[in-house]
There are 6 protein chains.
Amino acid sequence: MNTIVTLGEIMLRLKSPSYERLFQSPLLEATFGGGEANVAVSLACLGLRSSYVTALPEGPIGDAALQQLSRYGVDTSRVIRASGRMGVYFLEAGSCQRPSSVIYDREGSAISLISSQAFDWTRVFSDARWFHCTGITPAISAEAALLSHTAIVAAKKAGCTVSLDLNYRKKLWGYGKTAPSVMGPLVSLCDVLIANEEDIQKSLGIKEPVAASMDDLDGYRALMETVQNRYPNLSYIAITLRQSVSADVNGWMALLRSPQGVYQSRRYDITDIVDRVGAGDAFSAGLIASLAEKPADAPYALEFATAASCLKHTISGDFNLSTRKEIEALLAGDSSGRVQR
Amino acid sequence: MNTIVTLGEIMLRLKSPSYERLFQSPLLEATFGGGEANVAVSLACLGLRSSYVTALPEGPIGDAALQQLSRYGVDTSRVIRASGRMGVYFLEAGSCQRPSSVIYDREGSAISLISSQAFDWTRVFSDARWFHCTGITPAISAEAALLSHTAIVAAKKAGCTVSLDLNYRKKLWGYGKTAPSVMGPLVSLCDVLIANEEDIQKSLGIKEPVAASMDDLDGYRALMETVQNRYPNLSYIAITLRQSVSADVNGWMALLRSPQGVYQSRRYDITDIVDRVGAGDAFSAGLIASLAEKPADAPYALEFATAASCLKHTISGDFNLSTRKEIEALLAGDSSGRVQR
Amino acid sequence: MNTIVTLGEIMLRLKSPSYERLFQSPLLEATFGGGEANVAVSLACLGLRSSYVTALPEGPIGDAALQQLSRYGVDTSRVIRASGRMGVYFLEAGSCQRPSSVIYDREGSAISLISSQAFDWTRVFSDARWFHCTGITPAISAEAALLSHTAIVAAKKAGCTVSLDLNYRKKLWGYGKTAPSVMGPLVSLCDVLIANEEDIQKSLGIKEPVAASMDDLDGYRALMETVQNRYPNLSYIAITLRQSVSADVNGWMALLRSPQGVYQSRRYDITDIVDRVGAGDAFSAGLIASLAEKPADAPYALEFATAASCLKHTISGDFNLSTRKEIEALLAGDSSGRVQR
Amino acid sequence: MNTIVTLGEIMLRLKSPSYERLFQSPLLEATFGGGEANVAVSLACLGLRSSYVTALPEGPIGDAALQQLSRYGVDTSRVIRASGRMGVYFLEAGSCQRPSSVIYDREGSAISLISSQAFDWTRVFSDARWFHCTGITPAISAEAALLSHTAIVAAKKAGCTVSLDLNYRKKLWGYGKTAPSVMGPLVSLCDVLIANEEDIQKSLGIKEPVAASMDDLDGYRALMETVQNRYPNLSYIAITLRQSVSADVNGWMALLRSPQGVYQSRRYDITDIVDRVGAGDAFSAGLIASLAEKPADAPYALEFATAASCLKHTISGDFNLSTRKEIEALLAGDSSGRVQR
Amino acid sequence: MNTIVTLGEIMLRLKSPSYERLFQSPLLEATFGGGEANVAVSLACLGLRSSYVTALPEGPIGDAALQQLSRYGVDTSRVIRASGRMGVYFLEAGSCQRPSSVIYDREGSAISLISSQAFDWTRVFSDARWFHCTGITPAISAEAALLSHTAIVAAKKAGCTVSLDLNYRKKLWGYGKTAPSVMGPLVSLCDVLIANEEDIQKSLGIKEPVAASMDDLDGYRALMETVQNRYPNLSYIAITLRQSVSADVNGWMALLRSPQGVYQSRRYDITDIVDRVGAGDAFSAGLIASLAEKPADAPYALEFATAASCLKHTISGDFNLSTRKEIEALLAGDSSGRVQR
Amino acid sequence: MNTIVTLGEIMLRLKSPSYERLFQSPLLEATFGGGEANVAVSLACLGLRSSYVTALPEGPIGDAALQQLSRYGVDTSRVIRASGRMGVYFLEAGSCQRPSSVIYDREGSAISLISSQAFDWTRVFSDARWFHCTGITPAISAEAALLSHTAIVAAKKAGCTVSLDLNYRKKLWGYGKTAPSVMGPLVSLCDVLIANEEDIQKSLGIKEPVAASMDDLDGYRALMETVQNRYPNLSYIAITLRQSVSADVNGWMALLRSPQGVYQSRRYDITDIVDRVGAGDAFSAGLIASLAEKPADAPYALEFATAASCLKHTISGDFNLSTRKEIEALLAGDSSGRVQR
């Protein structure tokens with residue numbers, strides 16, 4: 001009963017090399033990723049039992065996605081092969097004042113089409129203690145929104161802790177429903193909520209103004225109170241704070257509201273970002289891994305999650321391939337980047 | 001009045017490097033191609049005025065496709081930007097006994113969704129003397145089949161010669177109609193038909209058995225008679241013959257039935273194929289270029305088209321980047337591959 | 001009458017990969033570029049009608065240069081194929097305290113040899129409203145200096161606005177004339193002058209000391225006055241200011257003297273430069289595009305040009321592949337580099 | 001009770017790109033492989049439960065080796081992390097008259113140092129039905145020879161069928177024992193023997209001359225008889241026949257002596273080899289997979305193994321990434337390499 | 001009598017591309033390096049006669065190492081080919097808070113096994129004026145420690161100046177002796193000592209606390225006094241100071257204690273490190289080159305060495321490929337990174 | 001007195017990757033080569049003392065050329081740095097019926113401009129026993145033709161054996177003299193002549209028809225007689241025979257007329273050519289190495305040269321990096337390409 005289950009859409013990620021514009025030269029880096037899959041891989045890399053649930057088309061592209069999950073130790077035995085495409089996303093890495101850019105090509109993906117009844121939920125959660133999902137899946141189609149709801153209900157029934165990363169994506173949400181109308185009911189079923197300030201505003205319809213500046217942590221704390229008041233079911237609310245100075249330079253920290261109190265992590269100045277996609281997912285995985293093991297130590301969970309996420313910025317691809325040992329070394333204070341030899 | 005117009009779907013072509021399996025290493029070669037676009041590029045490389053018509057989505061992927069067409073001199077001013085995706089095809093190059101493999105990911109592409117009324121056909125054919133299309137477009141959707149029909153009718157009305165490459169693709173034709181029911185009426189409107197023996201059988205429903213061997217040219221000739229009898233409107237019928245010894249070694253030749261008689265090209269033994277995708281399109285372009293310039297010289301047109309196509313096998317990517325001078329050198333008999341210096 | 005014509009030398013650009021020394025590993029990135037060609041491509045990317053004039057040798061290298069111009073929408077129908085070589089330049093990207101280094105191999109290039117009478121100037125400027133050239137071409141040979149002069153005279157006669165980027169290159173100017181003796185007469189024919197402080201000193205022989213520091217903008221303003229007084233024909237004088245902290249970190253801003261007054265752009269701190277070659281050309285193109293469309297709005301033209309140039313620093317290769325939309329987003333204040341998704 | 005266990009040494013494989021000499025350019029392709037690991041991966045790709053046993057050092061290099069096994073579905077839960085290095089082998093691909101070349105750097109590897117008592121053999125074979133090993137492991141050290149012997153004895157005790165691929169490697173066998181003195185006793189414990197004619201001569205000390213030509217199949221049959229007579233314990237003896245015309249062109253077939261009779265496979269002419277390393281292992285895996293499922297159908301097992309091995313020649317890297325479907329298509333007679341689309 | 005001899009271990013350096021984790025993608029950059037070899041190459045690039053002494057195995061890997069030394073002008077005629085492996089080291093480049101990581105795989109290397117008697121020391125030093133070695137070689141094996149001692153004694157006997165870079169490596173020193181017990185006696189034979197504060201503490205067992213901060217230069221000066229007092233034989237003691245802000249951002253300066261006094265170099269802020277491996281060796285080479293030519297000008301030697309080392313941070317690979325001219329330009333004050341053209 | 005001196009032009013060789021057309025993708029492989037330099041490298045790789053003489057421009061490009069020569073053991077101490085460019089040649093590799101193509105960009109190269117008096121011929125040949133040159137250098141300029149003549153005269157005076165490879169290049173010879181008028185006098189000074197049938201016809205103006213087929217060896221023998229009669233000074237005449245079936249498939253053999261008689265080598269069928277540029281130079285080097293060591297054994301020299309040249313076809317780049325051991329293995333009859341392990 002100690003598996004952590006995640007559900008979502010894993011996509012083929014096609015990135016132009018280095019800082020090139022898309023198709024500037026005729027080469028694309030082809031890896032796989034997606035919010036929930038990134039969490040699943042991180043959890044496995046941290047040594048936890050991690051199982052990823054999705055629907056993928058038959059054929060070599062779906063096979064390759066599963067191989068990459070298996071490579072990093074994620075169980076894929078609960079994945080369904082179904083009709084529909086494999087979602088694709090194109091990524092161009094920004095630099096300085098030019099932002100990174102994501103182009104989604106995920107219409108008609110298998111996970112967006114599948115019925116929530118296609119899964120045997122009893123089997124999916126048979127050995128699970130935690131279920132994690134995000135606001136991305138409910139944004140892609142009405143079917144996927146229903147699927148998310150069904151999964152959360154089944155997870156709760158199976159006794160799982162449920163975490164949800166709001167992950168608002170403005171380029172999705174095209175099937176006719178507003179984010180708050182879908183996400184609100186989901187949040188009211190969860191135990192752990194992860195978000196940034198924009199997610200909360202856009203996904204939950206909370207209008208409360210936030211300075212969105214690291215200099216106004218009180219504003220973030222007030223926002224957490226608002227969310228907690230609206231969703232008293234939540235045990236933990238985590239907010240990540242990103243200060244985007246440029247595409248290469250970001251400040252990064254987080255807050256965690258727990259039954260024991262509200263904590264604030266140390267702040268990391270990340271000055272030469274290698275790849276920031278998936279940094280939020282690395283935070284979620286760090287938080288889940290820590291809370292699942294030591295639920296009472298919220299401050300440690302917060303620092304561990306923030307350090308894990310900090311390291312993700314230095315790793316190319318969606319997945320956080322940092323080891324527990326590396327995260328602990330950063331937690332222990334060594335951020336000097338001295339050569340290890 | 002001397003533009004050659006082609007209409008079809010240009011796709012993003014994603015190929016694994018060298019002879020690697022798809023996703024064996026995390027890199028894909030990203031170029032663009034598609035039957036009709038390949039013909040359009042070949043024609044421009046041969047020095048003809050070539051204009052390509054299609055529908056593409058807005059954004060950098062569609063832009064990149066157009067840039068590649070412009071790069072080689074194809075006019076893209078008649079292309080429409082529309083809703084829908086960019087079609088994608090994945091390619092793995094075979095070797096020896098392992099065949100090359102194509103995986104289509106073109107559901108929901110802009111061209112498959114567009115209404116035939118979205119184009120201003122008078123403008124499309126305003127300066128055209130020839131229109132070329134293939135059996136691929138009618139295979140992708142009912143809308144695209146209607147689009148093909150509308151375009152052919154408009155082209156005829158504008159006084160164009162119309163050529164059609166049957167190009168049967170068994171992985172398409174999924175929208176509920178059989179190939180013969182769609183292709184037959186189109187062929188009955190055309191002037192020039194290009195095909196191989198399988199195309200004729202599958203696309204036109206002609207059951208007549210053919211040995212499909214270069215040793216049975218009489219069989220091919222008989223097949224041409226059958227087609228000619230069924231479609232008396234056709235002025236030229238070209239059949240390409242590929243003898244697949246292995247993924248690397250092919251024999252290649254062609255037959256042309258013209259008002260002047262039936263001709264047989266020389267045979268090329270291509271023993272170290274670099275990329276055979278698009279070889280048929282290179283043939284079509286060579287034939288069109290020759291017939292458009294010298295309609296009376298069918299034997300030359302046949303030899304030119306076959307030589308152009310032979311050279312395509314040595315060039316990576318969908319496009320035949322051979323020059324007229326190179327094709328003429330091969331026609332003149334130099335197939336020794338001696339270094340030019 | 002709305003084409004913008006540029007004239008100059010497009011070269012094969014051979015760059016060692018990443019930050020490697022030249023030939024450290026046996027690979028070179030092979031693209032094309034050159035001051036005026038970079039402007040022509042930028043103008044086309046911004047949606048203007050752009051035509052590039054030069055002389056190139058016959059053969060695949062010259063063909064490839066033209067293909068890259070066509071790819072980005074530049075008209076090349078006025079290019080002449082002539083005897084002589086294709087110019088080449090080798091580039092090694094610097095980092096930190098090691099500067100980038102350019103090695104020219106452009107002796108005997110077609111454009112350096114061609115007679116100014118080889119061009120049909122009436123045709124070149126038949127639909128032109130603007131002509132742009134730089135101080136690079138007059139530096140390569142006496143013939144090229146005469147060519148520049150002839151072109152400017154013809155452009156003026158055809159009613160064009162003429163802009164000139166001084167672009168002083170100390171590794172050129174080897175044919176026996178001093179820069180001021182050649183450039184002065186050209187400037188006295190132009191309407192728009194673009195330069196930095198070193199260009200003005202070296203190309204125009206103006207000795208007036210400038211602090212060459214962003215802290216001394218008054219010095220730059222005085223320098224502009226001096227230039228304006230000497231060349232009262234100039235309607236606009238633009239000066240770009242680069243503060244080179246290291247090969248990776250630069251400050252960047254510009255001043256513009258217009259009939260309406262002197263303006264100063266916002267300052268950009270560019271901390272992780274991808275490729276600064278061509279940044280000045282991106283500025284010229286931004287300025288020309290804006291002034292050609294809205295000559296009365298000098299402040300906007302200045303800000304647009306500076307923002308365009310800022311973004312160029314993030315793009316590899318000589319060409320500024322930024323879109324108008326991206327430049328406008330930066331102008332609108334978003335320089336945070338947040339992922340667009 | 002249906003796992004197939006293999007034991008051996010997985011190495012880091014460092015290959016120069018394409019046909020380059022080692023270190024000609026400063027790049028190496030870094031994958032993993034080794035006789036028994038190749039078999040384990042093939043078995044997993046064919047859908048069987050496959051578990052690989054070895055000793056690997058701690059750290060990222062050993063981790064990466066395990067990740068590649070997991071990626072293709074091989075169970076690695078029985079692998080021990082131990083002291084010693086990771087073995088390395090360097091590979092240069094030959095062409096025409098220049099042979100491929102392997103340089104071993106495997107001295108002091110973990111598997112060569114480990115005690116046979118370090119493994120819990122009961123657990124290793126707890127759910128196993130088949131055990132496969134090769135003559136490579138016994139060749140690397142006295143400890144590894146003892147390990148091989150211990151494993152075979154334990155496997156037999158656990159009720160496994162035991163297969164052994166002789167795989168003679170002249171660059172190994174440096175620890176003071178002759179191959180026959182070590183391999184003979186091992187073979188006398190096995191059920192299935194796989195070898196080529198040189199393996200039999202060098203590993204078993206059988207001097208009987210063989211023409212080593214596909215034209216003298218009787219000689220091979222006689223050799224099989226000799227082996228069978230000496231080792232009556234063997235149920236199956238497979239001999240692979242490679243006719244090396246050049247580094248690119250090989251003939252390939254095999255013979256199988258079974259209780260039902262002696263069979264001879266079809267012959268494959270492989271004219272453009274992509275990578276022949278691991279072809280023998282692909283044969284072993286195909287044979288084991290077939291015999292494990294349908295022990296009574298020796299002819300099918302032989303053809304399946306030979307076809308699997310034929311396809312391996314077209315795939316880069318040590319692993320045979322052919323699918324069962326592709327092998328069956330080749331078995332069904334399609335060796336034409338026609339594009340699948 | 002003007003050759004500078006260095007002795008040590010040159011290794012195959014295998015680095016993952018860009019900032020990737022080891023084996024994240026299946027490619028490694030394969031170059032060669034090692035502390036003393038790096039010094040030898042730098043000296044040759046600076047125009048001095050440089051000869052490198054080591055033992056290497058026969059075969060293409062050892063050959064390739066020698067070729068790279070020859071390429072940059074290092075004499076390799078005194079290298080011995082011997083039994084044992086080629087040492088290997090794996091390198092992963094860090095970024096931001098993630099440190100670079102070195103994994104040694106050098107057990108059993110030829111140089112670690114060779115007897116000090118295998119070299120003809122008279123010949124080795126026949127035309128030498130300087131001998132340089134480091135604390136790395138004595139750390140790898142008892143034999144190599146003896147070899148180092150023997151070489152130093154022979155060099156002194158031949159009249160050479162002897163320099164030693166302490167270069168403490170915690171991942172080595174595994175053969176049973178402590179660093180101070182081995183290094184102390186070596187230092188007492190030398191003329192020039194190069195180190196950082198950690199080297200001094202760990203290699204010489206000096207416990208004296210140092211703030212290890214550039215703000216406490218007095219602490220470093222005191223440390224130099226302690227060393228000088230303990231080893232009065234030393235003519236020069238150089239200490240390099242690295243302030244590791246992150247893996248990309250370092251401060252860098254050095255101190256030199258000479259007979260004329262103690263000097264302090266200018267400080268370099270290196271904000272976008274390309275490759276810091278070998279930076280210390282670049283310092284050593286710069287110091288040796290200067291002292292060998294102008295022993296009386298200690299301040300210049302210090303500044304030259306520090307500038308050379310600063311530039312090394314911008315060059316990929318172990319070797320400092322900066323030219324004397326580039327170092328002098330930096331010394332002359334140009335650290336702006338302006339493009340040279 | 002045992003150095004072999006070669007003189008010629010080493011160029012930067014820029015090749016498109018794999019079989020791509022030039023500039024199809026934006027990457028070029030950048031190595032160095034040229035007829036005589038290739039011979040010099042081969043000789044050094046075979047263990048002979050080899051010194052290469054040329055004129056190169058100052059700067060990193062010339063430096064890189066010298067570094068590549070030094071890397072393979074060629075002495076470059078007699079090279080002069082002079083004004084002029086570095087010659088460049090572009091190479092596109094052909095396949096099947098598409099020939100490889102060479103584009104020269106060597107106008108104004110240092111060697112084409114240099115005076116023959118710039119070299120100190122006494123020093124150049126001070127320790128030489130053999131001098132080798134080709135018909136390429138005399139083809140590039142009148143100065144270079146004079147240089148070749150001067151060098152040969154000086155070499156003879158210094159007691160050297162002189163060999164000359166005619167190497168006719170139709171794309172050169174543009175300075176106003178015919179090949180026969182220049183080459184004839186040079187041949188009349190030499191001892192060893194190397195050529196193919198076209199070289200003899202074009203360079204020496206011998207009209208005698210040759211079938212140019214391996215089936216007409218008598219024709220070749222007659223041609224050798226004609227040459228011998230015209231140039232009785234020649235001790236050895238070698239003719240190489242290439243049968244170009246396609247760009248990938250060639251037959252290769254050679255004839256040698258020596259004082260002892262006329263010999264004919266074995267014939268090699270090279271079916272998967274990796275790079276045939278430099279194959280003739282590999283032949284020359286093999287012949288020179290053998291004749292220099294064992295002048296009396298003409299048959300061995302012929303076979304050695306032919307085998308060396310055969311192996312060159314399998315190696316990318318201009319240089320034959322085959323080892324003596326590999327050539328001897330092929331001579332000994334092993335052309336099977338079996339993996340060496």
Side-chain angles (χ1 to χ4, degrees), chain A residues 15 17-19 27 29-32 41 45 68 71-72 93 95-96 248-252 266-276 279 282 306-323 325-341, chain E residues 11 13 15-27 34-35 89-104 106 136 139 167-173 196 198 212-213 242-251 270-280 313 318:
Chain A
K15 182 187 168 294
S18 189
Y19 295 102
L27 222 48
E29 296 170 8
T31 57
F32 293 87
V41 167
C45 287
Q68 290 303 324
R71 172 180 175 183
Y72 294 113
S95 177
C96 306
D248 307 284
V249 180
N250 281 192
W252 181 248
R266 92 180 57 160
R267 174 199 160 103
Y268 293 98
D269 289 306
I270 310 174
T271 60
D272 295 81
I273 295 174
V274 172
D275 189 339
R276 51 150 288 187
T306 312
S309 180
C310 169
L311 287 177
K312 169 58 193 75
H313 291 80
T314 74
I315 293 170
S316 60
D318 264 44
F319 300 157
N320 184 14
L321 302 177
S322 302
T323 63
K325 201 170 145 193
E326 290 170 324
I327 298 166
E328 289 169 351
L330 179 53
L331 271 184
D334 186 3
S335 60
S336 70
R338 277 196 175 246
V339 179
Q340 302 298 305
R341 63 183 170 191
Chain E
M11 292 174 283
R13 163 185 153 141
K15 183 186 166 297
S16 49
S18 188
Y19 296 103
E20 286 185 13
R21 308 238 68 178
L22 279 169
F23 307 108
Q24 193 173 343
S25 68
L27 222 49
Y89 89 89
F90 294 87
L91 175 63
E92 181 185 281
S95 177
C96 305
Q97 286 82 355
R98 179 169 59 84
S100 292
S101 174
V102 164
I103 300 175
Y104 288 125
R106 54 203 294 182
I136 300 173
N167 254 337
Y168 180 77
R169 294 285 179 265
K170 75 174 174 212
K171 292 189 182 175
L172 301 177
W173 289 108
N196 64 25
E198 186 199 15
S213 155
R242 181 183 297 280
Q243 183 176 27
S244 287
V245 177
S246 74
D248 307 284
V249 180
N250 281 192
I270 310 173
T271 59
D272 294 82
I273 296 173
V274 172
D275 190 338
R276 51 150 288 189
V277 178
H313 290 80
D318 265 44

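Numbered from 1 within each chain, the chains take letters A, B, ... in sequence-line order.
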Peer 1: Return the set of residues passing side chain to side chain donor-acceptor pair (under 3.5 Å) with E:E198 (not counting sequence neighbours), or none when no residue passes.
Peer 2: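 Listed in chain order: E:K202.
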
Peer 1: Taking all atoms of both residues into account, what is the closest heavy-atom pair of A:S335 and A:L330, and its distance?
Peer 2: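 For A:S335 and A:L330, the tightest heavy-atom pair comes out as CB-CD1, 3.6 Å.
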
Peer 1: With respect to chain E, which residue among A:D275, A:I273, A:V274 yields the maximal number of heavy-atom pairs within a distance under 4.5 Å?
Peer 2: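 The candidate making the most pairs under 4.5 Å is A:V274.
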
Peer 1: Counting only heavy atoms closer than 4.5 Å, note whether E:Q24 contacts chain A via side chain, backbone, both or neither.
Peer 2: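 For E:Q24, backbone and side chain are both near chain A.
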
Peer 1: Working to the nearest 0.5 Å, report the span between CG of E:L91 and OG of E:S100.
Peer 2: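 Rounded to the nearest 0.5 Å, the CG-OG separation comes to 6.0 Å.
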
Peer 1: With a 4.5 angstrom heavy-atom cut-off, which part of A:D269 approaches chain E: side chain, backbone, both or neither?
Peer 2: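 Backbone only.
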
Peer 1: Among E:D272, E:V277, E:V245, single out the residue with the greatest number of heavy-atom pairs under 4.5 Å to chain A.
Peer 2: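 The candidate making the most pairs under 4.5 Å is E:V245.
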
Peer 1: Let me know if E:Y104 has heavy atoms under 4.5 Å from chain A in its side chain, its backbone, both or neither.
Peer 2: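 When you check distances to chain A, only side chain atoms of E:Y104 fall under 4.5 Å.
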
Peer 1: Parallel under 30°, tilted from 30 to 60°, perpendicular over 60°: which one fits the rings of A:Y72 and A:F319?
Peer 2: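 Answer is perpendicular, since the angle exceeds 60°.
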
Peer 1: I'd like to check the side-chain contact (heavy atoms from CB on, under 4.5 Å) partners of E:S18; sequence neighbours left out, ordered by chain and number.
Peer 2: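 By the side-chain contact (heavy atoms from CB on, under 4.5 Å) rule, E:S18 matches no residue at all.
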
Peer 1: Measure distances from E:R21 to the heavy atoms of chain A and classify the residue's part below 4.5 Å as side chain, backbone, both or neither.
Peer 2: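 Side chain of E:R21 only, per the 4.5 Å heavy-atom cut-off to chain A.
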
